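Here is the structure we will look at, set down as C-alpha cells.
These values consider heavy atoms only, across backbone and side chains, with no hydrogens, waters or symmetry-generated copies. Everything numeric in this text was worked out from a predicted model, so none of it was measured. We count ligands from 1, going down the list as the structure has it; atoms in each ligand are counted the same way.
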Amino acid sequence: MICIAPSLFAADPLRLADEAESIRASGSDMLHFDILDGHFVPNLSFGVNTLAALKGYPLPIDVHLIMDNPEKYIEECAQAGADTITVHAEATPHLHRLLQTIRQAGAKAGVAINPATPISVLDYIMEDIDNVLIMGINPGCTMQSLIPSTLGKVRDVRARINAAKLPITIEVDGGMDPGSCLPYIQAGVDIIVLGRSFFNSADRRQLIADLHAMC
Ligand code: ZN
C-alpha cells in the first residue's frame, strides 16, 4: 500500500489547524512537515513550535529538515512529536553521525537527496537509514515541475534497497500530482508527498482514494 503524505507547507498558512484536520479526514496516511531555513534554500517555513502544536495528531508526522546545520534541531523535533526525521545529504559533513543521532532521539532516520545528488551518497549509510527521500524538484522553490530524471533515480534506489534486503522506504517529494504518480509507484516508491495538488483539489478524500486505488 502506498502512503500519501500531504505537506502542510502547501496549506493555507492562516488555517493550519483546519488543514491538518483535513489531511486526516481525507484518508491520507501521514502528514509531511517541511522546515525550511532561508539558507540551504531561499524560502522559509515554520519552526519547531508549530510542529509541537501538532502534538497528539493521529497520523505519523514526517519531518523534512530542508536546512543547513540540521544537527541543531534533531532532539527538539523528536520531542515535538516527529516520527521520521529526514535530513539532506548535502547539508551536513557528518551524515553518518547525524543519522545515528536521529535514531537515538527515537525517530526513524531519513536521508534526502536533491535532483543533482548521485545515489552513491547512500553507499556507506544503508544500515543507518529507514527512509530515502528523493526530491522531484529543487527544494524550496515553489511552482516548479517534476524533473523527469527523478524516475530513473527511484528505480536505481529501489534496486539498491532490494539488493541490500533492508526495510528502507522510498519517498518522493516535490512536483507530484495524481497524473504523475503511477510510474513512480511502479518504480517502487512507498511514500508520495503531495503539495498544491492536494490542497487545490475540490475533493481531497476522492483524490486520496484514487491514489490508494492505483496500487
Ligand atoms: Zn518535504
Side-chain angles (χ1 to χ4, degrees), residues 2-13 16 19-20 23 26 28-48 50-51 54 57 59-70 73-74 76-78 80-92 95 98-99 102 107-117 119 121 129-147 150-151 153-154 157 168-177 180-181 184 189-200 208 211:
I2 203 88
C3 262
I4 307 296
S7 169
L8 201 60
F9 183 46
D12 179 344
L16 287 185
E19 297 280 60
I23 291 172
S26 69
S28 294
D29 306 282
M30 228 179 228
L31 183 146
H32 188 81
F33 193 92
D34 288 304
I35 305 184
L36 288 67
D37 70 346
H39 293 274
F40 182 68
V41 285
N43 227 331
L44 289 160
S45 67
F46 357 79
V48 181
T50 307
L51 175 63
L54 285 164
Y57 188 69
L59 300 181
I61 300 180
D62 175 33
V63 173
H64 181 190
L65 297 180
I66 313 177
M67 57 163 65
D68 284 329
N69 304 312
Y73 297 99
I74 302 304
E76 268 187 85
C77 285
D83 294 281
T84 304
I85 301 175
T86 295
V87 294
H88 272 264
E90 306 87 0
T92 174
L95 183 59
L98 182 55
L99 295 165
I102 295 172
K108 290 183 182 171
V111 63
I113 49 178
N114 281 338
T117 301
I119 67 166
V121 295
I129 52 176
D130 303 292
N131 185 46
V132 177
L133 185 154
I134 296 170
M135 286 301 312
I137 58 172
N138 288 291
C141 311
T142 50
M143 310 304 282
Q144 292 178 74
S145 341
L146 182 64
I147 298 169
T150 56
L151 179 59
K153 199 179 229 180
V154 170
V157 173
I168 302 170
T169 51
I170 300 177
E171 179 171 15
V172 66
D173 183 5
M176 299 301 288
D177 61 47
S180 55
C181 287
Y184 283 80
V189 151
D190 303 286
I191 303 164
I192 292 175
V193 178
L194 294 180
R196 281 172 289 132
S197 61
F198 176 82
F199 293 100
N200 292 344
I208 300 301
L211 288 172

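Within Asp34, OD1 is the N, O or S atom that lies nearest to the Zn ion (ligand 1). Atom OD2 is the N, O or S atom of Asp173 at the shortest distance from the Zn ion (ligand 1).
Between His64 and His88, the ring-plane angle classifies as parallel under the 30° and 60° cut-offs.
Residues Asn138 and Ile147 are in side-chain contact: their nearest non-hydrogen atoms beyond the backbone lie under 4.5 Å apart. Considering only heavy atoms from C-beta on, Cys181 comes within 4.5 Å of Met176 through its side chain.
Vertex the Zn ion (ligand 1); arms to His64 ND1 and His32 NE2; angle rounded to 10 degrees, 110°.
Test Asp34, Leu133, Thr84 against Asp62 for side-chain contact (heavy atoms from CB on, under 4.5 Å) and you get one pass: Thr84.
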